[in-house]
2 protein chains.
Amino acid sequence: MVTTPAESVLRGSPYRADCPSRRILDRIGDRWTVLVVGALGDGSVRFSELRRRVEGVSQKMLTQTLRGLERDGLVRRTVYPEVPVRVEYTLTDAGRTLREPLRALEEWSIAHLGDVSASQEDYDRPDRASS
Amino acid sequence: MVTTPAESVLRGSPYRADCPSRRILDRIGDRWTVLVVGALGDGSVRFSELRRRVEGVSQKMLTQTLRGLERDGLVRRTVYPEVPVRVEYTLTDAGRTLREPLRALEEWSIAHLGDVSASQEDYDRPDRASS
DNA sequence: CCGTATCCTACCGGATACTG
DNA sequence: CAGTATCCGGTAGGATACGG
């Protein structure tokens, strides 16, 4: 059996401090990045509309998250010098490729979160053997 | 075109505070959970071996991460009452289903982290127009 | 409308010491 | 070996005020 690069990282060698898994987690492992990518979808979205789509995000964190994505080349920022100014954000081609793996994760969560919640409640019951 | 459930969450409605995407991020969005799931692979792994596979994880955080995964029903903990004691961790069936989406993410990072790094360096150059 | 600048708090997570 | 307990600092991120 030929070991693919991905598998060599996943199983062959330990997770080094600079392995791809960690680098990507450092980028999307925060509270908002994944949600912003999802909220952008495949269109152009204004800042204020993004704020509405990602419920609870503060102005500061939305700006910070978008700057990070722009720096990574995953989001393009376009300013229309109208009055008042209009700013639109769009996923780049690279950014769009991120949607598929993220969607896979979301589908997993939709499929399994019920079981996870049930397991948690069972685990938290002080009485009864853990079975 | 029929809108799938996943898409209705991704695009139709805003990301509510209790949507599946957020729940899963709250669980695996921390520093170690994803790495521990990867390090477990499809076998049984001892605590000390896990520490070695996930470079840099502290004893406290490894324990805490494993407890969380056990609570979620994604990891099974087995104690062998030998002297000294031996404890092995294994992904449950549910836990194993998480590996595919996580692997997809890792493969994305392997494929794109080079471009991301290049984009960052370009973005961080003070001089020169952004394009 | 779309930010930036400050301040401030919660908590994640590391270091260390101690048990069964 | 596999934890638990305690302390502690750095930082993610919220609230607020202000600027272009």
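When reading the values below, keep in mind they use all heavy atoms of this one structure, side chains included, and skip hydrogens, waters and symmetry mates. Throughout, a chain's letter reflects where its sequence line sits, starting with A, and its residues are numbered from 1.
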Whole-Å gap separating [atom2] ([N]) and [atom1] ([X]):
{"X": "A:Glu82", "N": "C:dC1", "atom1": "CD", "atom2": "P", "result": "13 Å"}
{"X": "A:Leu62", "N": "D:dA15", "atom1": "CG", "atom2": "C1'", "result": "16 Å"}
{"X": "A:Met61", "N": "D:dT11", "atom1": "CE", "atom2": "P", "result": "14 Å"}

Through what angle, rounded to 10 degrees, does the axis of the helix from C:dC1-D:dG20 to C:dG20-D:dC1 turn between its ends, using five pairs per end?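 Taking the rotation axis at each end, their angle is 40°.
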So which nucleotide from D:dG14, C:dG14, C:dC2 ends up closest to the side chain of B:Ser58?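 Nearest listed nucleotide: C:dG14.
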Let me confirm one number: the [atom1]-[atom2] distance from [X] to [Y], rounded to the nearest 0.5 Å.
{"X": "A:Ser109", "Y": "B:Asp26", "atom1": "OG", "atom2": "CG", "value": "11.0 Å"}
{"X": "B:Leu40", "Y": "B:Glu49", "atom1": "CG", "atom2": "CD", "value": "10.5 Å"}
{"X": "A:Arg103", "Y": "A:Ile110", "atom1": "CZ", "atom2": "CD1", "value": "10.0 Å"}
{"X": "B:Arg67", "Y": "B:Leu62", "atom1": "CZ", "atom2": "CG", "value": "9.0 Å"}
{"X": "A:Tyr15", "Y": "B:Leu50", "atom1": "OH", "atom2": "CG", "value": "11.0 Å"}
{"X": "A:Asp18", "Y": "B:Leu113", "atom1": "CG", "atom2": "CG", "value": "10.5 Å"}

Tell me whether the OP1 or OP2 atom of [N] has a side-chain N or O from [X] closer than 4.0 Å.
{"X": "A:Ser48", "N": "C:dC2", "value": "yes"}
{"X": "B:Tyr89", "N": "D:dG3", "value": "yes"}
{"X": "B:Arg67", "N": "D:dT4", "value": "yes"}

When the nearest nucleotide of DNA chain D is assigned to B:Pro84 and to A:Val57 on a heavy-atom basis, which residue is associated with the more 5' position?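 This one resolves to B:Pro84.
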Residue met sooner reading DNA chain D from 5', once B:Arg46 and B:Thr63 are mapped to nucleotides: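 Whichever sits nearer the 5' end wins; that is B:Arg46.
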Nucleotide N/O to protein N/O under 3.5 Å, stretch nucleotides 18-20 of chain D:
none

Short of 4.0 Å, heavy atom to strand atom, which residues of residues 70-77 of chain A count as contacting DNA chain D?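 Output list: empty, so none.
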Listed in order of residue number, which residues of residues 23-31 of chain A have a non-hydrogen atom at under 4.0 Å from DNA chain D?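 Nucleic-acid contacts, sorted: A:Asp30, A:Arg31.
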Please report the shortest heavy-atom distance between B:Leu35 and A:Ser21, naming the atom on each side.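 Taking B:Leu35 first and A:Ser21 second, the nearest heavy atoms are CD2-CB, 3.9 Å.
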Search all heavy atoms of A:Arg46 against all heavy atoms of A:Val85 and return the closest pair with its distance.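 The pair with the smallest heavy-atom distance is NH2-O, 3.9 Å.
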Between the protein and nucleotides 7-9 of chain D, which nitrogen or oxygen pairs come in under 3.5 angstrom?
none

Listing request: all ring pair (Phe, Tyr, Trp, His ring centres under 6.0 Å) pairs with a residue in residues 75-108 of chain B, at least two apart in sequence or in separate chains.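 Applying ring pair (Phe, Tyr, Trp, His ring centres under 6.0 Å) to every pair that reaches into residues 75-108 of chain B, excluding sequence neighbours, yields B:Trp108-B:His112.
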